[in-house]
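Just so you know, these numbers use all the heavy atoms, side chains as well, and skip hydrogens, waters and symmetry mates.
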Amino acid sequence: MHPVSIVMIEDDEGHARLIERNIRRAGVNNEIVPFQDGTSALAYLFGPDGSGEASARRHLLILLDLNLPDMTGLDILEKVKANPHTRRSPVVVLTTTDDSREIQRCYDLGANVYITKPVNYEGFANAIRQLGLFFSVMEVPQNP
């Protein structure tokens, strides 16, 4: 089994710290690669040439906030799922929006899990803790 890197795309530093702390508390020790905007995250995922070849041999799990300063998480989700090198990477959408149309749109675009971040931090911490259990049992399918 190959180690899975967790790509966290989250512009709110408080949320990012909370997510990381709870992933660690759940016993998940995987590398976390943090990004605060979509542009730098896509540069990492698709590499300097933009082909996605850079991620061909990476085992990635993407944590994606929908509300980013430079683009929407939906744009990122669409690009990730359209690229042959990243489309099998699981994407967990973490956002404060619980609009049913937006949730449906995320699933239509290929999101694996959609978690609403309650403003209530305890609820959010519980959701992330459950996510940690999910990470620890998950094997990411290999990209061809």
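Minimum interatomic distance between Pro69 and Asp37 (heavy atoms only, all atoms of both residues): CG-CB, 4.2 Å. Here the shortest heavy-atom pairing between Ser55 and Leu45 reads OG-O, 2.6 Å.
A heavy-atom distance below 4.5 Å is not found between the side chains of Arg58 and His85. Here the side chains of Ile32 and Ile23 are in contact, with some heavy-atom distance below 4.5 Å. A 4.5 Å side-chain heavy-atom check between Cys106 and Leu66 finds at least one atom pair inside the cut-off.
Within the cation-pi definition used here (under 6.0 Å to the ring centroid, within 45° of the axis), Arg105 does not qualify as a partner of Tyr114.
At distances below 3.5 Å, not a single donor-acceptor pair connects side-chain atoms of Lys81 with backbone N or O atoms of Leu109.
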Evaluation steps, side-chain contact (heavy atoms from CB on, under 4.5 Å), between Val80 and Ile62
CA-CA 9 Å; Val80 165; Ile62 301 167; 3.8 Å; yes

From CA spacing to verdict: side-chain contact (heavy atoms from CB on, under 4.5 Å), Val33, Met8:
CA-CA 6 Å; Val33 188; Met8 178 171 53; over 6 Å; no

Please assess Leu64 against Glu10 for the test side-chain contact (heavy atoms from CB on, under 4.5 Å), listing each intermediate value before the final yes or no.
CA-CA 7 Å; Leu64 179 60; Glu10 166 64 73; over 6 Å; no

Step-by-step side-chain contact (heavy atoms from CB on, under 4.5 Å) determination, Phe46 to Glu53
CA-CA 7 Å; Phe46 296 138; Glu53 186 76 40; over 6 Å; no

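When each of Asp70, Ile76, Leu74 is tested with Thr72 by the rule side-chain contact (heavy atoms from CB on, under 4.5 Å), just one qualifies, namely Leu74.
A search for ring pair (Phe, Tyr, Trp, His ring centres under 6.0 Å) contacts involving Tyr107 returns nothing, not counting sequence neighbours. Remark: Asn67 engages Asp65, Thr95, Thr96, Thr97 in a side-chain contact (heavy atoms from CB on, under 4.5 Å) (not counting sequence neighbours).
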